[in-house]
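Each chain gets a letter, A, B and so on, in the order its sequence line appears, and its residues count up from 1.
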Amino acid sequence: KNEVEQSPQNLTAQEGEFITINCSYSVGISALHWLQQHPGGGIVSLFMLSSGKKKHGRLIATINIQEKHSSLHITASHPRDSAVYICAVKDRGPGTYKYIFGTGTRLKVLA
Amino acid sequence: DTEVTQTPKHLVMGMTNKKSLKCEQHMGHRAMYWYKQKAKKPPELMFVYSYEKLSINESVPSRFSPECPNSSLLNLHLHALQPEDSALYLCASRKIFLQEDTEAFFGQGTRLTVV
């Protein structure tokens, strides 16, 4: 079992729909990152969370440390939101340096 | 400027060629990373430089040779690669290596094809 699990793996939505992508992890973490990767390959950091909730435009990210779970919500989805969304965590521990990546959620938003 | 710039965007090379990938950032970040990403897989860490010194080598074959000539620039020298090395190579930077809760900034990647 992966230390970071994302669901769903693939998601197709109609433009305007509210979208939720989930991330569950099994390790103690210092921070959780949501990343967006477009087909061209470049990765954009959307959020870094260690508690609570963050909002940026149409994107909202929440984290529940006790339940080891985070969600990424997209309101009023648009075709340009089509991308792979990756959850990444850094293990809490002295000297740990590696991000543990989820396998990604492939989102397609249809016009 | 919050950009990490990678060049070239695409590279096709033969197995006997020598080529280099370049990564540049001007955010004053002192930790720089190379990742390799195969299709539909998450990125895999290759190397970490901290204050221009190699801190982490994730058992990467010697045909990949990293170099950090200054605090803004990170190179990856390639020699005698194999077709299975074809992948997207991503560079990332963070303010300081091992500092908690600092954001990582990624480049657009170099898509490498070895023929």
Largest heavy-atom contact set with chain A, pairs under 4.5 Å, which of B:Ile56, B:Leu88, B:Leu90: B:Ile56

As an exercise: rank B:Glu58, B:Arg111, B:Lys9 by heavy-atom pairs under 4.5 Å with chain A and give me the winner.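 The candidate making the most pairs under 4.5 Å is B:Glu58.
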
Hey, any chance [X] and [Y] share a hydrophobic cluster, counting ILVMFWY side chains that come within less than 4.5 Å of each other, even indirectly?
X       : Y        : result
A:Leu35 : B:Tyr35  : yes
B:Tyr49 : B:Phe106 : no
B:Phe64 : B:Val12  : no

Nearest atoms (heavy-atom pairs only) where [X] meets [Y]:
X        : Y        : result
B:Pro43  : A:Phe101 : O-CD1, 3.5 Å
B:Pro42  : A:Gly102 : CB-O, 3.6 Å
B:Glu103 : A:Ser45  : OE2-OG, 3.0 Å

Contact origin within [X] toward chain A - heavy atom pairs under 4.5 Å:
X       : value
B:Gln6  : neither
B:Lys40 : both
B:Glu44 : neither

Taking atom CD as the centre, does A:Glu15 end up with more than 12 heavy-atom neighbours from other residues, nucleotides or ligands that are less than 6.0 angstrom away?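 Yes, enclosed.
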
Is atom NZ of B:Lys18 surrounded by more than 12 heavy atoms (other residues, nucleotides or ligands) closer than 6.0 Å? no

Which residues pass the side chain to side chain contact (heavy atoms under 4.5 Å, CB included) test with B:Arg63, not counting sequence neighbours?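 So B:Arg63 forms a side chain to side chain contact (heavy atoms under 4.5 Å, CB included) with B:Pro61, B:Leu81, B:Gln82, B:Asp85.
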
